[in-house]
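Working notes for the structure below.
In this chain, numbering begins with 1 at the start of the sequence shown.
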Amino acid sequence: MNQLKARFALAAVAALSIGAGVALADGPKRTPSPAGAEVYFIAPADGATVTGPVTVRFGLKGMGIAPAGITFDNTGHHHLIIDADLPPAGAPIPTDANHMHFGKGQTEATVELKPGKHTLQLLLGDFGHVPHDPIVTSKKITITVK
């Protein structure tokens, strides 16, 4: 009976070890960002009333721009978050109507937004569309589209 308990215990430890290894392996490794890096809106200004389509200009300080898939230290590319909260930092940024990707290195975009109030936020992603560590994100701004 003791031998059976020992085998069971050994199997349980092995299973937990394998599970822990899988849990640690889950999720992409985050690319470091330098201290003081900032992403911000050049336009539109927070609180602005604009007509559509809306031209959004992205600013970046302390880092450079590189297209998605290209790995250079201290670089990334822009993502525009529209009417949504930031996605989890340890996962790739979603691709949907609320998360626009600018993986070619664009620093400006013209977007169609329905009339009304909208929130906008910039998030820099690395070569694999994962937020840096620490994340480089702008303040969330609100605009009104006529």
Report yes if some heavy atom in the side chain of [X] is under 4.5 Å from a heavy atom in the side chain of [Y]; otherwise report no.
X    : Y    : result
V145 : K114 : no
R30  : I135 : yes
H78  : L124 : yes
T49  : K146 : yes
K117 : I143 : no

Looking only at non-hydrogen atoms, find the nearest pair between [X] and [Y] and report the distance.
X   : Y    : answer
P34 : G62  : CG-O, 3.3 Å
A91 : P131 : O-CD, 3.4 Å
N98 : D83  : ND2-O, 3.8 Å

Practice task
Report the relative orientation of the aromatic rings in H129 and H77; use parallel for angles under 30°, tilted for 30 to 60°, perpendicular for over 60°.
Solution key: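 Plane angle over 60°, so perpendicular.
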Kindly list each side-chain donor-acceptor pair under 3.5 angstrom involving residues 37-44, sequence neighbours excluded, with atom names and distances?
none

Handout entry: Exceeds 12 heavy-atom contacts within 6.0 angstrom, atom CG of D96
Key =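 Yes, because the 6.0 Å sphere around CG of D96 holds more than 12 heavy atoms from other groups.
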Exercise for the section: Would you indicate whether K140, at its atom NZ, is surrounded by more than 12 heavy atoms from other residues, nucleotides or ligands within a distance under 6.0 Å? Expected result: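 Yes.
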Distance in Å, [X] [atom1] paired with [Y] [atom2], rounded so as to fall on 0.5 Å steps:
X   : Y    : atom1 : atom2 : value
T71 : F127 : OG1   : CZ    : 4.5 Å
T75 : M63  : OG1   : CE    : 6.0 Å
S33 : D133 : OG    : CG    : 7.0 Å

Exercise for the section: Check whether L60 and V56 end up in the same hydrophobic cluster, where Ile, Leu, Val, Met, Phe, Trp and Tyr are linked by side-chain heavy atoms less than 4.5 Å apart. Expected result: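 Same cluster.
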Practice task
Treat each ILVMFWY residue as a node, draw an edge where side-chain heavy atoms are under 4.5 Å apart, and state whether F58 and L123 are in one component.
Solution key: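 The answer is no; the residues belong to distinct hydrophobic clusters.
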Exercise for the section: Please name the residue in the list I141, D46, I81 that meets the side-chain contact (heavy atoms from CB on, under 4.5 Å) test with L120. Expected result: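 Of I141, D46, I81, side-chain contact (heavy atoms from CB on, under 4.5 Å) with L120 is met by I141 alone.
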Practice task
Report the C-alpha distance between L122 and L80 in whole Å, list the side-chain angles of each, state the deciding distance to 0.1 Å, and finish with yes or no for side-chain contact (heavy atoms from CB on, under 4.5 Å).
Solution key: CA-CA 5 Å; L122 291 170; L80 178 62; 3.9 Å; yes
Problem - Pair H101 and H99, ring centroids less than 6.0 Å apart - result: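 Ring centres of H99 and H101 not closer than 6.0 Å.
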Exercise for the section: State, without any angle test, whether D126 and H132 hold a side-chain donor-acceptor pair at a distance under 3.5 Å. Expected result: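 Absent: no donor and acceptor within the cut-off.
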Could you pull out all donor-acceptor pairs under 3.5 Å where a side-chain atom in residues 102-111 meets a protein atom, sequence neighbours excluded?
| residue | atom | partner | partner atom | Å |
| --- | --- | --- | --- | --- |
| Q106 | OE1 | K104 | N | 3.0 |
| E108 | OE1 | R57 | NE | 3.0 |
| T110 | OG1 | T55 | OG1 | 3.4 |

Exercise for the section: Would you sort out whether L86 and Q121 count as a side-chain contact (heavy atoms from CB on, under 4.5 Å), showing the intermediate values? Expected result: CA-CA 8 Å; L86 292 174; Q121 191 167 19; 3.6 Å; yes
